[in-house]
Amino acid sequence: MDLKRIRKANDKPLKMEGSYVLYWMQAYRRFDANFAFEYAVHLAKKFQKELIVYEGLRIDYPWSSERIHTFILDGIEDNQERAKELGVNYWSFVETKHNPAHGILKKICESAVCVVTDDFPCFIIPEQTANLAKKVNCSVFRVDSNSLVPIGFYGREASAARVLRIWMHKAFQKDWGDFAKEVWTKKDLEDTNKNSKPPFASGSISDLDLSKMQFKENVPPYGGKKGGRKEALRLLRVFIQDKLNEYLTKRSNPDDPKLTATSGLSPYLHFGFISVQEIVLEILKAHKLVSSIPERMKNQKPGDRENFLTPNPTLNHFFDELLTWREIGYLFFWEKPEFRKNLSHLPDWVQKNFAKHGNDKRPFLYTREDWESAKTHDPLWNAAQIELVKTGSMHNYMRMLWGKKVIEWSASYEEAFDTLEHLNNKYAYDGRNPNSYTGILWCFGLFDRPWFPERPVLGNLRYMSSDSTKKKFKLNSYLSYVDSLQGKSDTLFSK
DNA sequence: ATCGGCTCGCGCAA
DNA sequence: TGCGCGAAGCCGAT
């Protein structure tokens, strides 16, 4: 493992009288292909201590809902099963009204030699890790399982995708193959489990009554959506077999949602049910290309997106999305997770536009309630919003249009950002992720460039309109798909 | 259907 | 110092 993957979260010593090494599974909710788990195993063996894996789920995280909760719980069930197979001493804790989470993690840490956790630059994770690192009196390590290249390798922010693409290609030329252990076996983990009992009680997941939980938001799960690692691996197989070959042509077209050739893996990556490494390697295996990479990379011009990694442009295009475009968000927030909170870190040319156009008259003005209940004048915007609310996903082309219009039709840029953050984090399965934020910020010009002509509100930021979208795509099947979602009886829009 | 021009700032070659 | 070029667009000309 590249040591750049490990960052200390405090300067406290190892507590050698402790009885176990603790892996606090916060972001990457899996055992296989997980550098943090791997590092924790390594330390446990090195110190001849027990290994404990703790995965907790509280009720009070921001935008908490039954939708997000069930998705994570599916993952915990898969992890319980996998831990049993591997003989890992895995403690999962699901908070309920009568069994509060407060103080449990700290208590677990009291007997730890050290804590290993996931290094994830978004949502509550940086803050939670820093708080724990302050409170406990042992070392806390953060380990980066975010992507193939350690994010810390880059050392500075990339101003544009084309910059990061070159750096990443160079990294692969130098160091292809820094992979986390793909599949653990029981034998690998021998002697790491002394069956210590957790200092808390946690009931069985099947006994939970989610309808009685006090979530922050009232958002039901989407029927067609299952969480967890098994489902992630199944979707990957389906994608490789049935969709990947058409990725180039059928990705951005919202014509027929059933035929859209996207992987749908984004939420599974977000919760760590599957890793980027596994996706890349499984695709390469399916195309018998695994061993060709190091030799091929030697002859690549760094930054050549078309010819990157494989001789197949469709695969290369998908890899560019999965690697360059995913990683640029993780890098953007890496040292400064707080950059996600507002618009003040956008480039100068954007700031100039906003200074000039901030007081422009908005052609329409909507309130948070209008947005949320899809009550604008624009049927296409409403459809995109309904898709998000009902299914927890939004077509990737519609997502851009959706964001651009909220900017144009809100009283201020800041209000637009807050609306988009709220809607995305509340409803989307893949919200609360670095890429969700860069996706929103792209609508505000991040990683984009100016586009003429200058218009009200947006200035010379890239402009998008529903009329153009209708000309570009046949949207009948998209609109009827969204219609069919609305037909299903539930109470989301009737308050 | 396809094309060029619209604008800015970066990396890199010179 | 200058050149080339870039996630997804738009518009008007051909």
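Reckoned from all heavy atoms, side chains included, excluding hydrogens, waters and symmetry mates. Throughout, protein chains are lettered first and strands after them, A, B, ... in sequence-line order, and every chain is numbered starting at 1. Keep in mind that what you see is a predicted model, and the values were worked out from it rather than measured.
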Scan Met400(A) against the nucleic acid and name what it touches under 4.0 Å (heavy atoms): base, sugar-phosphate only, or nothing.
base

Under 4.0 Å between any heavy atoms, over every strand shown, what does Arg399(A) touch: base, sugar-phosphate, or nothing? Just pick one.
nothing

Is the distance between the ring centroids of Phe319(A) and Phe172(A) under 6.0 Å?
no

Are Tyr429(A) and His270(A) an aromatic pair by the rule of ring centers under 6.0 Å?
no

According to the Watson-Crick and G-U wobble definitions, with both distances under 3.5 Å, which nucleotide is paired to dA13(C)?
dT2(B)

Starting the side chain at C-beta, find the nucleotide from dC11(C), dG9(C), dG6(C) nearest to Arg455(A).
dC11(C)

Nucleotide nearest Arg449(A) when distance is taken to its side chain, options dA8(C), dG11(B), dT7(B):
dT7(B)

Please determine if Arg82(A) and Glu55(A) form a salt bridge, counting it only when a charged side-chain N lies under 4.0 Å from a carboxylate O.
no

Please state how far atom CZ in Phe447(A) lies from atom P in dC5(C), giving the value in whole angstrom units.
22 Å

d(NZ, Lys471(A); P, dG12(C)) in whole Å
9 Å

Without decimals, in angstroms, what is the distance between Lys405(A) NZ and dG9(C) C1'?
12 Å

If you check every side-chain atom of Glu321(A), which of dA7(C), dC10(C), dT7(B) has the closest atom?
dA7(C)

Tell me: CH2 of Trp349(A) to C1' of dT7(B), nearest whole Å?
9 Å

Only residue of Thr129(A), Asp119(A), Asp144(A) satisfying side chain to side chain donor-acceptor pair (under 3.5 Å) with Arg7(A) is Asp119(A)

It should be established whether Arg462(A) places a side-chain nitrogen or oxygen under 4.0 Å from OP1 or OP2 of nucleotide dA8(C).
yes

So what's dG4(C) paired with, Watson-Crick or G-U wobble, going by both distances under 3.5 Å?
dC10(B)

Whole-Å distance between dA8(C) P and Tyr397(A) OH?
10 Å

For atom CH2 of Trp325(A) and atom P of dA8(C), their distance in whole Å:
8 Å

Output field: ring centroids Tyr23(A)/Tyr28(A) closer than 6.0 Å:
no

State whether Arg162(A) places a side-chain N or O below 4.0 Å from either non-bridging phosphate oxygen (OP1 or OP2) of dA7(C).
no

Which nucleotide in dC8(B), dC10(B), dC10(C) has an atom nearest any side-chain atom of Val163(A):
dC10(B)

Pair Glu278(A) + Arg229(A), salt bridge at N-O below 4.0 Å:
yes

Can you check whether Tyr463(A) has a side-chain N or O nearer than 4.0 Å to OP1 or OP2 of dC11(C)?
no

Please tell me which of the listed nucleotides, dT7(B), dC12(B), dA8(C), lies nearest to the side chain of Ile166(A)?
dC12(B)

What interatomic distance, in whole Å, is found between P of dA7(C) and the corresponding atom of dA1(B)?
27 Å

dG9(B) versus dG9(C) - spacing of their P atoms, nearest Å:
22 Å

Using a cut-off of less than 4.0 Å, is there contact between a side-chain N or O of Ser468(A) and OP1 or OP2 of dC10(C)?
yes

Roughly how far apart, to the nearest Å, are dG11(B) and dA8(C) at atom C1'?
23 Å

Please determine whether a side-chain nitrogen or oxygen atom of Arg165(A) lies at a distance below 4.0 Å from atom OP1 or OP2 of dA7(C).
yes

Closest of dC6(B), dG9(C), dC12(B) to the Lys472(A) side chain is dG9(C)

Please report the distance, rounded to the nearest Å, between CG in Asp320(A) and P in dA8(C).
12 Å

Please report, rounded to the nearest Å, how far the P atom of dG6(C) is from the NE2 atom of His317(A).
14 Å

